[in-house]
Amino acid sequence: MKFKLFNSQTLYFFIFLALVAVFFSPLFSTEGQDLKTSQLQYKRVRQAYQNQKDFLSAICKQHQIELQELEILIRAFKAEARLEVWGKNKKEATFRLLKSYEICASSGTLGAKRKEGDRQVPEGFYHINHFNADSFYHLSMGINYPNAADRFHADKKRPGGAIYVHGSCVTIGCIPLTDEKIEEVYLLALEARNNGQKHVPVYIFPFEMSNQNLEKYSKIYSSQQDFWKNLKVGYDYFELHKKLPIFSVAEGLYIFNLKP
C-alpha cells in the first residue's frame, strides 16, 4: 500500500512557509541584537532618547560616570513617595545618588503585597525583568514580584503580579512617575542593562528605615514588624556601605551576607 504524504495544496503551503522564512525572517528576528537595539525599534524609546539626550550626558558628567560603564540601583519609599536612582561605574565598588523622583500616585497602605487585588505595592528586594516600550502608561519596567520571599507568604493561588514602575499618574499596586520622569529612569535602566548589568535591582521599602521610623510605624502596623525588621537588615547594609547586599531567601526571610 502506498501512502500519499502531501497533496498539491499542502505542498504549496510548505513552499510558501519556506519562502517567508528565507525572505522575511530578518524582519522579525532579534538574534544577535542587544537590548538597546531591540528597544530602539519602538518609537517611544527613540523619542525618549531624543527628549533626554541632554539629561543622560549631564547626569553622567555630574557624577563622573561613563554612560557605557553605568550600573544602577533603584530604591523606592512608599511613605515618603520617593524613588531614587543610584549609580556607579562598573569597576567602582560603591554607588552614589544620581537623582530622586516624586512618586506621583499611590494605592493601598504600608505593608507587603500578599494577594491579587489587594492594591498593595510590594515591599522587598527585586530586579527589573521587563522593559515595556509599548505600555498603556507610556514606558514601564516590570519587577520580579512575586519573588521567592513573596511566594512563601502570599496567597498560593493568586499572589498577584504585573507590578511596574511606569509613567502616568495612576496606579493599582505599581509605582507611577510622570511620563517625563519615567523616560529618565527607563533610559538609565536600559543603558545599565545593556552594559551587562544582568539584574538591575529595585528595592522597595515601606519608609526610610531608621530606628525611629520602624518604631513609629510598627505601632500602627504591628503585623508587619518582623517583616520590616528583616528588610531593615538589607537597608542598613546599603546605607552603611553603599554596596548591594548579597542575600538568599529561606522560609520567606531574606538571609543577608553582611561582609563589607
Take His166 and Leu139 through the side chain to side chain contact (heavy atoms under 4.5 Å, CB included) test and state the conclusion after the steps. CA-CA 6 Å; His166 60 67; Leu139 296 169; over 6 Å; no

Might you point out which heavy atoms bring Asn132 and Asp134 nearest each other, and give the distance in Å? OD1-N, 3.0 Å

Same hydrophobic cluster for Met141 and Leu244, using side-chain heavy-atom links shorter than 4.5 Å among ILVMFWY? no

Does a side-chain heavy-atom distance below 4.5 Å link His127 with Val202? no

Does a sphere of radius 6.0 Å around CD1 in Ile172 hold more than 12 heavy atoms from other residues, nucleotides or ligands, not counting ones at 6.0 Å or beyond? no

Is Ile204 linked to Tyr217 within one hydrophobic cluster, defined over Ile, Leu, Val, Met, Phe, Trp and Tyr using a side-chain heavy-atom separation of less than 4.5 Å? no

Around atom NZ of Lys90, are there more than 12 heavy atoms of other residues, nucleotides or ligands at under 6.0 Å? yes

Any heavy-atom pair between the side chains of Ile255 and Val249 that's under 4.5 Å? no

What I want to check is whether the side chains of Tyr145 and Asn129 have a donor and an acceptor closer together than 3.5 Å. no

Under a 4.5 Å side-chain heavy-atom rule over Ile, Leu, Val, Met, Phe, Trp and Tyr, are Leu258 and Leu240 clustered together? no

When you compare the side chain of Val170 with that of Phe136, does any pair of heavy atoms fall below 4.5 Å? no

Any sub-3.5 Å donor-acceptor pair from Thr94's side-chain atoms to Lys242's backbone N or O? no

Can any side-chain N or O of Arg96 pair as donor or acceptor with the backbone N or O of His63 at less than 3.5 Å? yes

Can you list the steps and then say if Lys232 with Asn211 is a side chain to side chain contact (heavy atoms under 4.5 Å, CB included)? CA-CA 9 Å; Lys232 191 176 186 305; Asn211 291 330; 3.1 Å; yes

Is there a donor-acceptor pair under 3.5 Å between the side chain of Ser38 and the backbone N or O of Leu35? yes

With distance as the sole test, does Asp118 use its side chain to make a donor-acceptor pair with the main-chain N or O of Arg114 at under 3.5 Å? yes

Would you check, one step at a time, whether the test side chain to side chain contact (heavy atoms under 4.5 Å, CB included) holds for Glu180 with Gln52? CA-CA 9 Å; Glu180 180 182 2; Gln52 307 303 334; 4.0 Å; yes

Write down the atom of Pro146, the atom of Arg151, and the distance for their closest heavy-atom approach. O-NH1, 2.9 Å

How long is the span from the CZ atom in Phe247 to the OH atom in Tyr237, to the nearest 0.5 Å? 12.5 Å

Can the ring centroids of Trp228 and Phe205 be said to lie less than 6.0 angstrom from one another? no

Pairing donors with acceptors under 3.5 angstrom, does anything connect the side chains of Gln197 and Glu71? no

State, to 0.1 Å, how close Ser218 and Gln225 come at their nearest heavy-atom pair, and which atoms those are. OG-CG, 3.6 Å

Roughly how far apart are Ile74 CD1 and Ile128 CD1, rounded to 0.5 Å? 4.0 Å

Pair Tyr254-Asn147, side-chain donor/acceptor within less than 3.5 Å: yes

Gln120 side-chain N/O to Thr109 backbone N/O, donor-acceptor pair under 3.5 Å: yes

Is it possible for you to say whether Leu83 and Phe77 belong to one hydrophobic cluster, with membership spreading through side-chain heavy-atom contacts below 4.5 Å? no

Hey, does the Lys NZ or Arg CZ of Lys181 hover above the aromatic six-ring of Tyr101, less than 6.0 Å from the centre and inside 45° of the axis? no

Any idea which heavy atoms bring Glu80 and Phe207 closest together, and the distance? OE1-CA, 3.3 Å

CG on Leu67 to SG on Cys60, rounded to 0.5 Å: 4.5 Å

So how far is it from Ile175 CD1 to Ile163 CD1, rounded to the nearest 0.5 Å? 8.5 Å

Reference residue Glu208; test salt bridge (charged side-chain N to carboxylate O under 4.0 Å, His left out); the match among Arg82, Arg75, Lys78, Lys216: Arg82

Reported CG-to-CD1 distance for the pair Leu190 and Ile72, which is rounded to 0.5 angstrom: 9.5 Å

Any donor-acceptor pair under 3.5 Å linking the side chain of Asn89 with the backbone of Lys91? no

Residue pair Glu191 / Tyr186, side-chain donor-acceptor N/O under 3.5 Å: no

Any non-hydrogen side-chain atom of Lys43 less than 4.5 Å from a side-chain atom of Arg46? yes

State, with a plain yes or no, whether a side-chain heavy atom of His138 is found less than 4.5 Å away from one of Arg44. yes

Verify ring-ring contact (aromatic ring centres under 6.0 Å, His included) between Phe125 and Tyr203, making sure each step is shown before the conclusion. CA-CA 5 Å; Phe125 296 85; Tyr203 297 165; 4.8 Å; yes

Any Pro245 side-chain heavy atom under 4.5 Å of Asn257 side chain: no

Does the pair Lys99 and Glu184 meet the rule for a salt bridge (Lys or Arg N to Asp or Glu O under 4.0 Å), with working shown? CA-CA 10 Å; Lys99 190 170 179 179; Glu184 293 182 2; 2.9 Å; yes

Correct closest heavy-atom pair for Gly111 and Gln224 would be CA-OE1, 3.5 Å

Which is it for Tyr164 and Tyr137 under the ring-ring contact (aromatic ring centres under 6.0 Å, His included) test, yes or no, and what are the steps along the way? CA-CA 10 Å; Tyr164 284 80; Tyr137 307 106; 8.7 Å; no

Minimum-distance pair of heavy atoms, taken over all atoms of Ile103 and Ala76: CD1-CB, 4.3 Å

Kindly compute the distance separating OG1 (Thr37) from CG (Asn194), expressed to the nearest 0.5 Å. 6.5 Å

May I ask you to test the Ser168-Asp179 pair for a side-chain heavy-atom distance under 4.5 Å? yes

Are there more than 12 heavy atoms of other residues, nucleotides or ligands under 6.0 Å from atom CD of Gln64? no

After noting the C-alpha distance and the side-chain angles of Tyr49 and Glu183, does the key distance pass the side chain to side chain contact (heavy atoms under 4.5 Å, CB included) rule? CA-CA 8 Å; Tyr49 270 105; Glu183 286 186 355; over 6 Å; no

Crowding at OH, Tyr221 (>12 non-hydrogen neighbours, <6.0 Å): yes

So is Lys156 actually on top of Phe152's ring, under 6.0 Å and inside 45° of the axis? yes

Validation row: Lys88, Trp86 side chains within 4.5 angstrom (heavy atoms): no

Return yes when atom OH of Tyr42 has more than 12 non-hydrogen atoms of other residues, nucleotides or ligands closer than 6.0 Å, and no otherwise. no

Evaluate whether atom CD of Glu92 has more than 12 neighbouring non-hydrogen atoms of other residues, nucleotides or ligands under 6.0 angstrom away. yes

Cluster overlap Leu188 with Phe131, hydrophobic side-chain contacts below 4.5 Å: yes

Take the angle between the ring planes of Phe238 and Phe95 and call it parallel below 30°, perpendicular above 60°, tilted in between. tilted

Any donor-acceptor pair under 3.5 Å linking the side chain of Thr171 with the backbone of Pro176? no

